[in-house]
Amino acid sequence: MKIDLTETTSSQINQALVSARRAIGTPAIGMVLTLVIVTDEENAYDALKSAGDASREHPSRIIAVIKRVSRSPRARRDARLDAEVRVGSDAGTGETVVLRLHGELANHAQSVVLPLLLPDAPVVVWWPEDAPADPAKDPLGALAQRRITDTYSAEAPLDELAVRAAAYSPGDTDLAWTRITPWRSMLAAALDQQPATVIGATVEGESDNPSCELLAMWLADRLGVPVERTLSAGPGLTAVRLETKNGVIVLDRADGSLATLSMQGQPDRAVALKRRETAELLAEELRRLDPDNTYESAVKFGVEKLHAGGEVTAEPVDGKPAEGERKAPAAKKAPAKKAAAK
């Protein structure tokens with residue numbers, strides 16, 4: 001069910017939501033959080049589709065905030081709010097409100113969104129693109145317990161990682177980090193099966209891919225070893241090689257779908273490691289509402305440490321030297337090559 005409202009108010013939108021729920025026979029609110037999406041007309045469809053798919057796991061009230069650019073001075077002075085209310089099959093398992101803010105109202109989106117938040121429920125704000133430099137200090141970000149950005153959509157992803165590190169506040173996260181969750185899990189499981197001191201690592205992937213950089217920073221931060229960043233044609237992250245005292249561990253994914261795990265003294269194993277859709281990434285982030293301390297530590301390690309000239313030392317873990325910690329030489333970008341066991 002869809003209801004279009006022109007030149008409306010937050011109060012009228014709330015009344016429309018109540019009326020729509022009654023009309024389809026579901027007067028009770030069974031949603032667990034409010035997801036606020038800050039986007040533009042170009043990206044609104046894809047963002048709403050991903051949020052709707054994620055809501056099947058996390059029933060949510062989805063509020064899309066679209067700021068309409070006013071071309072003339074007179075239009076910029078005229079503040080107007082148009083809205084579209086969707087419930088039932090048109091809104092996944094929750095409710096969707098699409099807000100279009102015109103004129104001066106676009107600068108005060110928080111005043112429109114605040115009355116529409118679910119009472120006593122967590123708030124998550126997601127910027128699919130063009131995220132503010134400091135999400136926690138953004139008027140909409142200040143309403144949320146969790147703030148989700150995506151450095152992959154930035155024009156200069158590596159510079160954007162530095163911005164995220166400098167402005168980090170508890171509750172911040174990034175979909176570039178979420179994309180490497182299966183890689184981190186697989187590498188941790190491999191080291192559990194074959195406990196050994198790691199003495200070096202190589203991360204191979206596309207140029208300017210923030211997920212590759214974050215994985216390299218995570219390894220350097222947690223293991224305290226030199227991490228080399230090499231390039232490939234992709235797609236995305238293609239291989240990780242861990243040098244240990246007991247041999248080499250290689251996780252190689254050449255096609256973006258199926259990976260091969262190679263370990264000393266064991267047969268090669270095929271593991272599913274497909275590239276995930278945005279809806280899956282978003283659903284994963286909505287599972288936790290507490291600060292992600294591991295992401296904080298990895299992003300604050302700093303891209304510049306991976307690519308700077310000279311030597312750097314990984315920070316100690318919990319105040320103690322990391323296992324195998326030593327000075328890590330600057331990672332260098334080598335020509336595209338395959339980081340796989342021969």
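Just so it is clear, the model here is predicted, and its values are computed rather than measured.
A distance-only check finds a donor-acceptor pair linking the side chain of Arg164 to the backbone of Ala133 [under 3.5 Å].
Inspection of the Asp292 and Thr173 side chains reveals no N or O donor paired with an N or O acceptor under 3.5 Å.
Each side chain to side chain donor-acceptor pair (under 3.5 Å) pair with one or both residues in residues 133-143, not counting sequence neighbours, would appear here, but there are none.
Phe301 carries Lys305 over the face of its six-membered ring, with the cationic atom under 6.0 Å from the centre and within 45° of the normal. No cation-pi contact links Arg147 to Trp127, judged by a cut-off of 6.0 Å to the six-membered ring centre and 45° from its axis. Relative to the six-membered ring of Trp177, Arg184 meets both conditions, a distance below 6.0 Å and an angle of at most 45° to the axis.
Taking OG of Ser153 as the reference point, atom CG of Asn43 lies at 8.0 Å (rounded to 0.5 Å). A distance of 11.0 Å separates OG1 of Thr151 from CG of Asp159, quoted to the nearest 0.5 Å. To the nearest 0.5 angstrom, Leu17 atom CG is 9.0 Å from Leu118 atom CG. A distance of 5.0 Å separates CG of Leu117 from OG1 of Thr34, quoted to the nearest 0.5 Å. Note: Leu81 CG to Glu7 CD = 10.0 Å, rounded to the nearest 0.5 Å.
The environment of Lys274 atom NZ is dense: over 12 non-hydrogen atoms of other residues, nucleotides or ligands sit within 6.0 angstrom. Residue Glu155 places its CD atom among 12 or fewer non-hydrogen atoms of other residues, nucleotides or ligands, all under 6.0 Å distant. More than 12 non-hydrogen atoms from other residues, nucleotides or ligands lie less than 6.0 angstrom from CD of Glu41.
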Criterion salt bridge (charged side-chain N to carboxylate O under 4.0 Å, His left out) on Lys2 and Asp4, from CA distance to verdict: CA-CA 7 Å; Lys2 294 183 181 181; Asp4 290 321; over 6 Å; no
Between Val123 and Gln145, is the side-chain contact (heavy atoms from CB on, under 4.5 Å) condition met? List the steps. CA-CA 6 Å; Val123 179; Gln145 285 77 39; 3.9 Å; yes
Thr96 vs Val98, side-chain contact (heavy atoms from CB on, under 4.5 Å): CA-CA, chis, key distance, verdict: CA-CA 7 Å; Thr96 299; Val98 181; 4.1 Å; yes
For Thr238 and Ser232, run side chain to side chain donor-acceptor pair (under 3.5 Å): C-alpha distance rounded to whole Å, both residues' side-chain angles, the deciding distance at 0.1 Å, then the answer. CA-CA 7 Å; Thr238 53; Ser232 71; 2.9 Å; yes
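In this structure, the side chains of Val227 and Val203 come closer than 4.5 Å at one or more pairs of heavy atoms. Between Pro139 and His108, every side-chain heavy-atom pair lies at or beyond the 4.5 Å cut-off. Taking the side chain as every heavy atom from C-beta outward, Gln264 and Asn246 never approach each other to under 4.5 Å. Inter-residue side-chain proximity for Leu219 and Leu242 is flagged as met; some heavy-atom pair is nearer than 4.5 Å.
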